Amino acid sequence: MRAVAAAVVTVAAALVLAAVTLPSDAPDGPDGPGGGSAHKRGAGLTAAVSAPFNAFTEGYDCYRVPTLTTTRDGTLLAIAEARTASCNDIGDIDLVLKRSTDNGRTWGPMQVVRGAGDPGAYGNPGPVVDAASGRITLLHAYSTWTAGPDGHRVRGPRELRLTHSTDGGATWTTEPAPQPHLKPAGLAWISVGPGHGIQLTPTRPDRPGRLVVSADYRTESNESGAQLLYSDDGGLTWQAGARWGAPEGTPAPSEPALTQLPDGRIYVNARSTAACGTSDHRLSAVVADVSAPAFPAPGFLPVPELPAPPASGSVLQLPGGPLLLSVPSRPGAESADRWTLAVRTSQDGGRTWSKDGAVVLRERAGYSDMAVLPGGQVGMVYETANGTPHGYVKFTAFSPAELRTAAEDLTPRRTSDLTPYRDHAVVHGAPRLGNRPGGGKAMRFDGKDDFLRVIDCPDALRLGDGDFAVATWVKYKTRGQDRDSGLRQPLVWGYGQGPQAKQFRIEADPETGRLEGAVNAGTGPASVTSPTRTDDDAWHHVVLQRQGDRLQLSVDGGKPATTRLAPDQLDFRPTGTFTVHLGTQPDYKAFYAGALDDVRIYARSLSGNDMARLRDGNDLTDQERLRLTFERIW
């Protein structure tokens, strides 16, 4: 629980003690069109009460990494990184603050707490309030930066600093106040939070509770982990406490959030460094003694059955109520997967989390931070923007009772991959299952917001250093709005987007009524176009493949369109995280209106006989990496 005045805590506890138990499994809704299961969808929480920081205003292009603090007198402090020129993590970044005295409905003028006149980067604000003195301590990171020879920014050594306020955040100490003892020799990286710190329940009536802030680190030998920092004198001086480094080859915690459980222990929930090959993107641990040299065994473990992308979240133990977690709920291994910010609950101290939760925002949203407000509501600041998770900072508030009312099943819907790899595709929007003559079910996309994603970047789909093939049945008709917009309709899109991104794709061209297949090794696309129109609202079997140095696109077994690939166009295998999209492209600015069936990907090329077998409905499993037949949505 955040350090607030005793009266505020008493009121909050009284309001929260009302039954706040959320159901662990919200029921599914009725079957969707075509037999697909449609999860119950709630009304959601109020998306925004106010917007403390708006992109491209007050001298900054972008605001990121927000925190929320309730002072001893009930004033709210929203603190964020204010980034000039772009949302880049490296560059001229200041720490800015706004105060609210009416529970976040309005905010006062912006204060630059750190960074005015300094081109360095101030970041990762970690505020914490001492209830005894009212003093606010703001731990934060600082680093210089330079422009590298290729134009990319290079971050200098990073250190921790602090500043204090004794008047509720109206003014702050101005000396740099570096904390070199918090980054001892051997650490290559140190950061704090992001998110607020906490004050522990006092153990003696004559001594204020210990202040605790979370941190993460990386050693020069590349050990990464989490650490707790603590103060026993109201925030004036700080010490390094319990630490946990990930064993080599295991996921490491980063951007840890913390809260105190009713039994007095500290619960920490962190972003995991694990990206590909797993759906577990969060880690958690519990520690009783903050000043101990290490977290107790087993340390940080993956949090199972908690769909979330890599992102910073917030945890908050409600007095007398459940433990809360705010984090984007859309699964995926990329930062682009930061969508559908929701609040989940745990009734067992974070060992398990509800499958249902209350959605704050269904659009793109990133980092968040929660605090108990005077009167017992929960306040939240979070990142969002138009078409990206970052740029603006919004504020919302909700009562514990609203969490129950707004609860809905957050379990992602999927359709099965029938290969042994079991890389099931996540279903978005409301695509319909229909029939394909002579085949089984087919997936129908509305051209608005229907699409599928194969996530968690499975190694089986890292194509591009050898022959490959993508085969599918397609059925569509060019619409007037497609011709007017000039946007191509993406059918299958693997990996990234842009002139230097590794990718393979099949698109429908509204101008010509033909399909185009392309690959890009990062040197620019090489493409082939189908020799005949395919926008006749009839089913066509399409194969995009590479044989040696040739890229080919075949339709219905006819003579393929072919182009020769240059040596620098051959390897489009992604080296980092990636997603395979069906029905949209990675920026979600174009959607496919039509149907797909029997989508298959092979780590080899297909012969004419192979293609005929697929058209005739036969299995072809040799080096098959993905098979989506769309028999059901579950």
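Predicted model only: the values in this text are computed from it and were never measured.
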With side chain to side chain contact (heavy atoms under 4.5 Å, CB included) as the criterion, how do L433 and I633 come out once you've worked through the C-alpha distance, each side chain's angles and the decisive distance to 0.1 Å? CA-CA 8 Å; L433 292 180; I633 298 173; 4.0 Å; yes
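- A donor-acceptor pair under 3.5 Å is absent between the side-chain atoms of K394 and the main chain of A51, judged by distance alone.
- Closest non-hydrogen pair, P125 versus L95, comes out as CD-CD2, 4.0 Å.
- Side chains of E334 and T579: a donor on one and an acceptor on the other come within 3.5 Å.
- If you check the side chains of Q199 and D130, you find a donor sitting under 3.5 Å from an acceptor.
- Residues S224 and Y217 fail the side-chain proximity criterion, which asks for heavy atoms closer than 4.5 Å.
- Note: R344 CZ to L403 CG = 13.0 Å, rounded to the nearest 0.5 Å.
- One finds no salt bridge joining R64 and E81 here, because no Lys/Arg side-chain nitrogen approaches an Asp/Glu carboxylate oxygen to under 4.0 Å.
- Note on E223 versus R218: no salt bridge recorded, every NZ/NE/NH1/NH2 to OD/OE distance being 4.0 Å or above.
- Between the side chains of R210 and S231, not a single donor N or O lies within less than 3.5 Å of an accepting N or O.
- Here OG of S100 is found 9.5 Å from CG of L77. Values are rounded to the nearest 0.5 Å.
- Side-chain atoms of Y382 and P66, non-hydrogen and from C-beta on, never get closer than 4.5 Å to each other.
- Under the 4.5 Å side-chain criterion, counting only non-hydrogen atoms from C-beta, P194 is in contact with S312.
- Between F451 and Y588, the distance separating the two ring centers is shorter than 6.0 angstrom.
- Between the side chain of D456 and the main chain of P458, no donor-acceptor pair closer than 3.5 Å is present.
- The pair E305-R351 does not meet the salt-bridge criterion, since no charged nitrogen lies less than 4.0 angstrom from a carboxylate oxygen.
- Annotation: side chain of P296 is not in contact with side chain of R265 (no heavy-atom distance under 4.5 Å).
- Separation of atoms CZ (R413) and CH2 (W634) is listed at 12.0 Å; rounding is to 0.5 Å.
- Separating the OG1 atom in T584 from the NZ atom in K448 is a distance of 15.0 Å, to the nearest 0.5 Å.
- Closest approach of T352 to S346, counting heavy atoms only: O-OG, 2.7 Å.
- In this structure, the side chain of D280 does not engage the main chain of P302 through any donor-acceptor pair within 3.5 Å.
- When side chains are defined from C-beta on, L324 counts as touching L318, because their heavy atoms get closer than 4.5 Å.
- Between the side chain of H196 and the main chain of G193, no donor-acceptor pair closer than 3.5 Å is present.
- Salt-bridge formation is not detected for the pair R422/D417: no Lys NZ or Arg NE/NH1/NH2 atom is positioned less than 4.0 Å from an Asp or Glu carboxylate oxygen.
- With rounding to the nearest 0.5 angstrom, the OG atom of S329 is 10.5 Å from the CG atom of L325.
- Ring centroid separation for the pair F53 and W107 does not come in under the 6.0 Å cut-off.
- Partners of F295 according to the ring-ring contact (aromatic ring centres under 6.0 Å, His included) rule, which considers only residues two or more places apart in sequence or in another chain, are F300.
- Panel note: side chain S354, backbone D356; a donor-acceptor pair is recorded below 3.5 Å.
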Please report the C-alpha distance between N269 and W353 in whole Å, then the side-chain angles of each, then the deciding distance to 0.1 Å, and finally whether the side chain to side chain contact (heavy atoms under 4.5 Å, CB included) criterion is met. CA-CA 12 Å; N269 189 292; W353 290 92; 4.2 Å; yes
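- Looking only at atom types and distance, the side chain of R364 has no donor-acceptor partner in the side chain of H390 under 3.5 Å away.
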Before you tell me yes or no, could you show the steps for T345 and L323 under side chain to side chain contact (heavy atoms under 4.5 Å, CB included), namely the whole-Å CA-CA distance, both residues' side-chain angles and the distance that decides it to 0.1 Å? CA-CA 6 Å; T345 61; L323 177 62; over 6 Å; no
Could you go through Y367 and T67, starting from their C-alpha distance and side-chain angles, then the distance that decides it, and tell me whether this counts as side chain to side chain contact (heavy atoms under 4.5 Å, CB included)? CA-CA 9 Å; Y367 292 15; T67 66; over 6 Å; no
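- Side-chain polar atoms of H428 and R453 form a donor-acceptor pair below 3.5 angstrom.
- In this structure, the side chains of W244 and V268 stay at 4.5 Å or more apart for every pair of heavy atoms.
- Side chain to side chain, Y267 and Q260 fail the donor-acceptor criterion of an N or O pair below 3.5 Å.
- For the atom pair CD1 (I455) and NE2 (H581), the distance works out to 10.0 Å, reported to the nearest 0.5 Å.
- For the pair L361 and W339, the minimum side-chain heavy-atom distance is 4.5 Å or more.
- A 4.5 Å side-chain heavy-atom check between L283 and V303 finds every atom pair outside the cut-off.
- Side-chain N/O atoms of N386 and T388 include no donor and acceptor closer than 3.5 Å.
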